[in-house]
Enquirer: 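Quick one: structure below, then a few questions.
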Amino acid sequence: MEKVSLPKGTRDFGPTQMAKRLFLINSIKKVFQKYGFQPLETPAMENLSTLTGKYGEEGDQLLFKILNSGDFLKDVEAAKLETRNSKLITSDIAEKGLRYDLTVPFARYVVMNRHEITFPFKRYQIQPVWRADRPQRGRYREFYQCDADVVGTDSLLCETEIILMIKEAFASLGIADFSIKINHRAILSGLAEIVGAAQNESALFVAIDKLDKIGEEKVKEELKAKGFDDASLTLLFDILNFKGTTAEKVDFLTTKFSSSEKGKKGLSDFSEVLSLLKKFGATDEHVEFDISLARGLSYYTGCIFEVKISNVGVGSVSGGGRYDNLTAVFDSKEKSSGVGFSFGIDRLYDAMEELKIFPKEASAASTVLVAHLDEESFTFGLKIAQSLRDRNVACEIYPDQSKIKKQLEYADKKKIPFVIVIGSEEVKTGQLTLKKLESGQQLKLTFQEIADAMQLYK
RNA sequence: GUGGGUGUAGUUCAGUUGGUUAGAAUGCUAGAUUGUGAUUCUGGAGGUCGUGGGUUCGAGCCCCAUCACUCACCCCA
């Protein structure tokens, strides 16, 4: 047999995985829709010009490019080909690429349709993206992103609703132990100002973002290497290491930021979000003010979020933040500030698998299998199966005349919870045999009784 | 891009200083049981030891190359 395989970093999702993935995706979709977000889908491929230059030089290299159709080398200048420099001829032989994320295609969509869109525009988008990265644990070349954004408003209501949505999504998924870490870009800028690193913000942010991953000492080393002196490091960690409740942290920073306008602005935004949360009637349970949270993406300008599930080996499962101008990358004149966040479906899946909290029904195919012992029972069973389907019960009848043993094995393997066994006895009396596979328990019941009981398992 | 690790049955893995016919668990399959799965018992099938070369009387084991997978770093979800 020929050896078949999958491209590196890609995966099949079999029926049992799909059942769980759909449970996850549908739960999240429901929450998005409940908060007024509308679905958007964009093509897997975009013009390469739409994608290049948006993710930095590294990002450009991670783009999957699509060869032009036909004789794509025909019109390339001979001199260019001679150089054997792939980068040089890329633009001549590939004008399309696979999307790298959902944000840039969304920005493109907003720019293209700005006259039709009613702002504030709330959309969600759940689609695969592709990166020519080297795969490793929890990182794939094809993976799903699950984004929700609001564009066209500065209101902090959006930030508050994001918190509510995260809480609601996790509640419906059955994840109880998690924390929503929040920080504000302006608070970070304030921090940079105080320690005299206003000119060197990004180096500072990248370093302190790693704090919980590599520890205080390593971060100090990294910052020293980048020219930070001992005095500013002491000052910095004095603030980063402050422990206390959210309110205490805010008070503490208010005194520290007395001279920093940016810092004050960040704190007031953050306090506003907390106060709106209260007005919604929600608590700040699971919400944690984390001064060291920076997130890599430099285009965030306001609140930033990151969600971690406790006691699992996966990284953050959700994140996002506010940005000033989504469409700036396309030189759009319209100001399109907004706030967005996304769920990492693959990581959520891994986390829920690790916690073993996927509901059992999520993996079951049918609720009932109709098993039969002879030709006559099979014919009788067809009616039973269809009547159950009429009552919206997922049901299948075994297609072949096989030994009852084989039919039960089939139900067991497919994790079908109930089997109706039909033989000459059942056909004659109309009393059907219902077997619950998990317990092995078996009852003689009428069709109506079974149909009623199955309503509970739909 | 940089640096580790691992390739043996469908799957997860044992395999002694290099020495007869390469094992286990699980899965698959047949039966014990002609109306009952999962559990129990009995039998059976299943391997070019990733690939190519080298050392040796002899290589799953040692050496070289190559490919695949995998983990970490950079970056990211």
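So that the names make sense, note that chain A is the first sequence line, chain B the second, and so on, each numbered from 1. Note that these values count all heavy atoms, side chains included, but never hydrogens, waters or copies made by symmetry.
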Enquirer: Indicate whether the side chain of A:S337 and that of A:D324 have a donor and an acceptor atom separated by less than 3.5 Å.
Expert: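 Result is no, nothing qualifies.
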Enquirer: Under 4.0 Å: is that the gap between some side-chain N or O of A:K405 and OP1 or OP2 of B:A30?
Expert: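 Looking at the OP1 and OP2 atoms of B:A30, neither is under 4.0 Å from any side-chain N or O of A:K405.
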Enquirer: Please state how far atom OH in A:Y100 lies from atom C1' in B:A77, giving the value in whole angstrom units.
Expert: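 Nearest whole value for this atom pair: 10 Å.
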Enquirer: Test for a donor-acceptor pair under 3.5 Å between the base of B:G35 and the side chain of A:E426, counting only N and O atoms.
Expert: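 A donor-acceptor contact between them is present.
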Enquirer: With nearest nucleotide decided by heavy atoms, which residue, A:Y140 or A:L6, maps closer to the 5′ end of RNA chain B?
Expert: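 Residue closer to the 5' terminus by nearest nucleotide: A:L6.
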Enquirer: Report the distance from atom CD1 of A:I422 to atom P of B:U36, rounded to the nearest whole Å.
Expert: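 After rounding, the gap between these two atoms is 16 Å.
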Enquirer: Rounded to whole angstroms, how far apart are CG on A:D209 and P on B:A77?
Expert: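 So the CG-P distance, A:D209 to B:A77, works out to 11 Å.
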Enquirer: Determine, for A:D60 against A:K54, whether the closest basic-nitrogen to carboxylate-oxygen distance falls under 4.0 angstrom.
Expert: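 No.
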Enquirer: Under 4.0 angstrom, heavy atoms only, what part of the nucleic acid is A:Q61 near: base, sugar-phosphate, or nothing?
Expert: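 Nothing, no heavy atom under 4.0 Å.
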Enquirer: Kindly indicate whether the side chain of A:R134 and the base of B:U70 share any N or O donor-acceptor pair separated by less than 3.5 Å?
Expert: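 Looking at the base of B:U70, it does not pair with any donor or acceptor on the side chain of A:R134 (distance under 3.5 Å).
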Enquirer: Counting any heavy atom closer than 4.0 Å, what does A:G319 reach on the DNA or RNA strands: base, sugar-phosphate only, or nothing?
Expert: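 No contact at all - A:G319 keeps every heavy atom at 4.0 Å or more from the nucleic acid.
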Enquirer: Can you tell me how far C1' in B:G44 sits from the matching atom in B:G4, rounded to whole Å?
Expert: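 Nearest-Å result for B:G44 against B:G4 at atom C1': 43 Å.
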Enquirer: Just to be sure I understand the rule, does A:Q441 reach a base, reach only the sugar-phosphate, or reach nothing, if contact means heavy atoms closer than 4.0 Å?
Expert: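 The answer is nothing, as A:Q441 stays clear of every strand by at least 4.0 Å.
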Enquirer: Using the test side chain to side chain donor-acceptor pair (under 3.5 Å), find all partners of A:D350 that sit at least two apart in sequence or belong to another chain.
Expert: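 With sequence neighbours excluded, A:D350 shows a side chain to side chain donor-acceptor pair (under 3.5 Å) to no residue whatsoever.
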Enquirer: Measure from the ring center of A:Y124 to the ring center of A:F37 and say whether it is less than 6.0 Å.
Expert: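 For A:Y124 and A:F37, the ring centres are not under 6.0 Å apart.
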Enquirer: At under 4.0 Å between heavy atoms, what does A:Y410 touch on the DNA or RNA strands: base, sugar-phosphate, or nothing?
Expert: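 Nothing, no nucleic acid heavy atom in range.
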Enquirer: Can you see if the side chain of A:K406 gets near the phosphate of B:G37 - specifically, an N or O under 4.0 Å from OP1 or OP2?
Expert: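 Answer is no, no contact under 4.0 Å.
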Enquirer: Partners of A:Y55 by side chain to side chain donor-acceptor pair (under 3.5 Å), sequence neighbours excluded?
Expert: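 Per chain and number, A:Y55 pairs via side chain to side chain donor-acceptor pair (under 3.5 Å) with A:D101.
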Enquirer: Can you check the A:L434 CG to B:U36 C1' distance for me, whole Å?
Expert: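 One finds 13 Å between C1' of B:U36 and CG of A:L434, rounded.
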Enquirer: If the condition is side chain to side chain donor-acceptor pair (under 3.5 Å), which residues does A:E142 pass it with, not counting sequence neighbours?
Expert: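 Scan of A:E142 (side chain to side chain donor-acceptor pair (under 3.5 Å), adjacent residues dropped) gives A:W130.
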Enquirer: Tell me whether the ring of A:F143 lies stacked over the B:A77 base, given a 5.5 Å limit on centroids and a 30° limit on the plane angle.
Expert: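 Check passed, A:F143 stacks on base of B:A77.
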Enquirer: Checking all strands, does A:T433 fall into the base, sugar-phosphate, or nothing category for heavy-atom contacts under 4.0 angstrom?
Expert: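 Counting heavy atoms under 4.0 Å across all strands, the contact made by A:T433 includes a base.
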Enquirer: In whole angstroms, how far is the P atom of B:G35 from the CG atom of A:L432?
Expert: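 Going from CG in A:L432 over to P in B:G35 covers 18 Å.
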Enquirer: Is A:Q136 close enough to B:A72 that one of its side-chain N or O atoms is under 4.0 Å from OP1 or OP2 there?
Expert: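 So the side chain of A:Q136 is within the cut-off, an N or O lying under 4.0 Å from OP1 or OP2 of B:A72.
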Enquirer: For the pair made of CZ in A:F205 and P in B:C75, what is the distance, rounded to whole Å?
Expert: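 Rounding to the nearest Å, CZ of A:F205 and P of B:C75 are 16 Å apart.
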Enquirer: Between A:R139 (CZ) and B:C74 (C1'), how many Å, whole number?
Expert: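 So the two atoms are 9 Å apart, to the nearest Å.
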Enquirer: Mind checking the C1' distance from B:C49 to B:A68? Whole angstroms is fine.
Expert: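 Looking at atom C1' only, B:C49 and B:A68 are 16 Å apart.
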Enquirer: Using atom CG of A:D133 as one end and atom P of B:U70 as the other, report the distance to the nearest whole Å.
Expert: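 After rounding, the reported distance stands at 13 Å.
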Enquirer: Would you kindly compare A:G9 and A:D346 by the position of their nearest RNA chain B nucleotide and give the one closer to the 5′ end?
Expert: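 Counting from the 5' end, the first nearest nucleotide belongs to A:G9.
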Enquirer: Map every base of RNA chain B to its dot-bracket character, where paired means a Watson-Crick or G-U wobble contact with both distances under 3.5 Å and | marks a partner outside the strand.
Expert: (((((((..((((.....[...)))).(((((.......))))).....(((((..]....))))))))))))....
Enquirer: Determine the interatomic distance between P on B:G50 and the same-named atom on B:A38; round to the nearest Å.
Expert: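 To the nearest whole Å, 35 Å.
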Enquirer: Heavy atoms from C-beta onward define the side chain here; which of B:G3, B:U36, B:G35 lies closest to that of A:Q442?
Expert: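 Selected nucleotide: B:U36.
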Enquirer: Could you give the distance separating B:C28 and B:U11 at their P atoms, to the nearest angstrom?
Expert: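 The answer is 14 Å between these two P atoms.
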Enquirer: Distance between the C1' atoms of B:C69 and B:U51, in whole angstroms?
Expert: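 Here B:C69 and B:U51 have their C1' atoms 14 Å from each other.
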Enquirer: Can you list everything that forms a salt bridge (charged side-chain N to carboxylate O under 4.0 Å, His left out) with A:K34? Sequence neighbours excluded, please.
Expert: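 A:K34: salt bridge (charged side-chain N to carboxylate O under 4.0 Å, His left out) contacts with A:E168.
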Enquirer: In this structure, which one of A:E425, A:E426, A:Q442 forms a side-chain hydrogen bond (donor to acceptor under 3.5 Å, both in side chains) with A:T433?
Expert: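 The single option meeting the side-chain hydrogen bond (donor to acceptor under 3.5 Å, both in side chains) with A:T433 is A:E426.
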Enquirer: Could you tell me how far B:U2 sits from B:G47 if I compare only their C1' atoms? Round to whole Å.
Expert: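 Approximately 37 Å lies between the C1' atom of B:G47 and that of B:U2.
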Enquirer: Considering only atom C1', compute the distance from B:G15 to B:C57 and round it to an integer number of Å.
Expert: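 Taking atom C1' in both B:G15 and B:C57, they lie 23 Å apart.
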Enquirer: Please name all residues satisfying salt bridge (charged side-chain N to carboxylate O under 4.0 Å, His left out) with A:K220, sequence neighbours left out, ordered by chain then number.
Expert: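 For A:K220, the residues satisfying salt bridge (charged side-chain N to carboxylate O under 4.0 Å, His left out) (neighbours in sequence not counted) are A:E216.
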Enquirer: Any side-chain N or O of A:K210 less than 4.0 Å from the OP1 or OP2 oxygen of B:C76?
Expert: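 Negative; the distance criterion is not met.
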Enquirer: If you look at every heavy atom in A:P43 and A:R108, which pair is closest and at what distance?
Expert: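 The pair with the smallest heavy-atom distance is CD-NH2, 3.9 Å.
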Enquirer: How far, in whole Å, is B:A45 from B:G19 if one measures between their C1' atoms?
Expert: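 It comes out at 30 Å once rounded to the nearest Å.
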